[in-house]
Amino acid sequence: MENITIKKNLSEEEMYISLLPQIENLINPGEPIISNLSNVTAALKETFEKISWVGFYFLKDNRLYLGPFQGKVACTIIELGKGVCGTSAKKKETVIVEDVDKFPGHIACDSGSRSEIVVPLLDGQKVLGVLDLDSYELSAFNHIDKQYLEKLCKLFLSKLSIEKLSAIID
Ligand code: SME
């Protein structure tokens, strides 16, 4: 049965340390990419109360397209270089936004969102997409989230077929 167990009263770092191997176990390379990635978003949302929205966008022809997510209805297309997601994909680096009102060009899919972190999905120097997390709290994400979310992305990318992942929005 697919489930995860995270003890209460852990620090956020301890929660990530407990979560990562559990997500690794959830990933089944023999099953469709979309099923695996859907469970990654669910595991994150279930673990961290601070997350209001978590999901993937995939890059094709300089546009990011909405993938599996947990949360409210979201914008389906983001141009490369636009918003926090497009900026992360263009720079090929994680972007932490402590206050979305102070990020010029932030795309507000949910007006309740106050802070955000976006981690690029990289195959070497090639950007496949991004993992985006939003919060209703200001400054919800920091270097701990960056460290472990980057690790998480590397972990599931190493277990999944990059070829299938690249074709996810064809
Ligand atoms: N805020 C993002 C858009 C995606 S939603 O948050 C789900 C951005 O500025 O790229």
Side-chain angles (χ1 to χ4, degrees), residues 4 12 15-16 19 23 26-27 32-123 125-157 160 165-170:
I4 56 161
E12 288 202 341
M15 287 168 101
Y16 276 113
L19 180 64
I23 290 187
L26 275 181
I27 301 283
I33 298 272
I34 201 133
S35 314
N36 283 303
L37 295 183
S38 299
N39 264 343
V40 171
T41 65
L44 285 166
K45 183 86 162 61
E46 195 177 320
T47 302
F48 295 104
E49 280 181 16
K50 67 182 181 182
I51 297 174
S52 57
W53 192 96
V54 49
F56 292 99
Y57 281 90
F58 295 101
L59 188 65
K60 190 188 178 195
D61 302 334
N62 287 333
R63 285 176 153 184
L64 289 163
Y65 292 88
L66 182 63
F69 70 95
Q70 296 265 314
K72 287 191 185 173
V73 166
C75 30
T76 51
I77 301 177
I78 298 172
E79 302 289 335
L80 187 67
K82 301 288 179 195
V84 188
C85 293
T87 301
S88 169
K90 193 169 181 184
K91 288 186 165 173
K92 303 181 184 182
E93 60 191 41
T94 299
V95 178
I96 296 175
V97 178
E98 293 194 17
D99 180 350
V100 296
D101 290 337
K102 294 186 179 146
F103 186 96
H106 168 258
I107 300 163
C109 294
D110 177 350
S111 61
S113 178
R114 297 266 66 89
S115 62
E116 179 161 359
I117 183 169
V118 181
V119 181
L121 306 178
L122 297 171
D123 174 32
Q125 273 307 293
K126 189 177 172 218
V127 182
L128 303 169
V130 298
L131 174 64
D132 178 20
L133 293 88
D134 294 342
S135 178
Y136 288 159
E137 299 164 24
L138 272 176
S139 307
F141 306 104
N142 60 30
H143 65 283
I144 299 282
D145 301 277
K146 175 181 186 299
Q147 181 186 337
Y148 286 96
L149 291 170
E150 287 176 354
K151 214 169 175 172
L152 170 65
C153 290
K154 280 205 185 96
L155 186 109
F156 67 71
L157 287 174
L160 297 174
L165 196 71
S166 305
I168 196 167
I169 41 139
D170 273 350

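Numbering of ligands and ligand atoms starts at 1, following listing order. This structure is a prediction, so every number in the text was calculated from the model and none was measured.
The protein heavy-atom contact nearest to atom 8 (C) of ligand 1 is V84 N, 3.3 Å. Here the protein heavy atom with the shortest distance to atom 3 (C) of ligand 1 is I107 O, 3.5 Å. With respect to atom 6 (O) of ligand 1, the closest heavy atom belonging to the protein is D134 OD2, 2.7 Å. For atom 5 (S) of ligand 1, the closest heavy atom belonging to the protein is C109 SG, 3.2 Å.
Using a 4.0 Å cut-off between heavy atoms, Y57 contacts ligand 1 through its side chain alone, with no backbone atom that close. At a 4.0 Å heavy-atom cut-off, ligand 1 touches I78 through the side chain alone.
Electrostatic pairing of K50 and E12 counts as a salt bridge here, judged by a charged N lying under 4.0 Å from a carboxylate O. Looking at D134 and R114, no side-chain N of the basic residue comes within less than 4.0 Å of a carboxylate O on the acidic one, giving no salt bridge. Under a 4.0 Å N-O distance rule, the pair E150/K154 does not qualify as a salt bridge.
Separation of the Y16 and F141 ring centroids does not fall under the 6.0 Å cut-off.
Set against the non-hydrogen atoms of H106, the atoms of ligand 1 under 4.0 Å away are 1 (N), 9 (O). Each of the atoms 4 (C), 5 (S), 6 (O), 7 (C) of ligand 1 lies under 4.0 Å from some heavy atom of D132. The W53 neighbourhood of ligand 1 comprises atoms 7 (C), with distances under 4.0 Å to a heavy atom of that residue. When each atom of ligand 1 is checked for a heavy atom of G83 under 4.0 Å away, the hits are 9 (O), 10 (O).
Applying the 6.0 Å contact sphere to NZ of K82 captures no more than 12 heavy atoms from other residues, nucleotides or ligands.
Among the atoms of E116, some N or O lies under 3.5 angstrom from an N or O of ligand 1. Of the polar atoms of A108, none of the N or O atoms is found under 3.5 Å from an N or O of ligand 1, judged by distance alone.
For F103, the heavy-atom gap to ligand 1 stays at 4.0 angstrom or more.
Note that CG of D101 and OG of S113 are 9.5 Å apart. Values are rounded to the nearest 0.5 Å. Distance OG1/T76 to CZ/R63: 9.5 Å, rounded to 0.5 Å.
Nearest heavy atom pair, residue L122 against residue L157, reads O-CD1, 3.5 Å.
Under the 3.5 Å distance criterion, with hydrogens and angles disregarded, no donor-acceptor pair is assigned to the side chains of E137 and S115.
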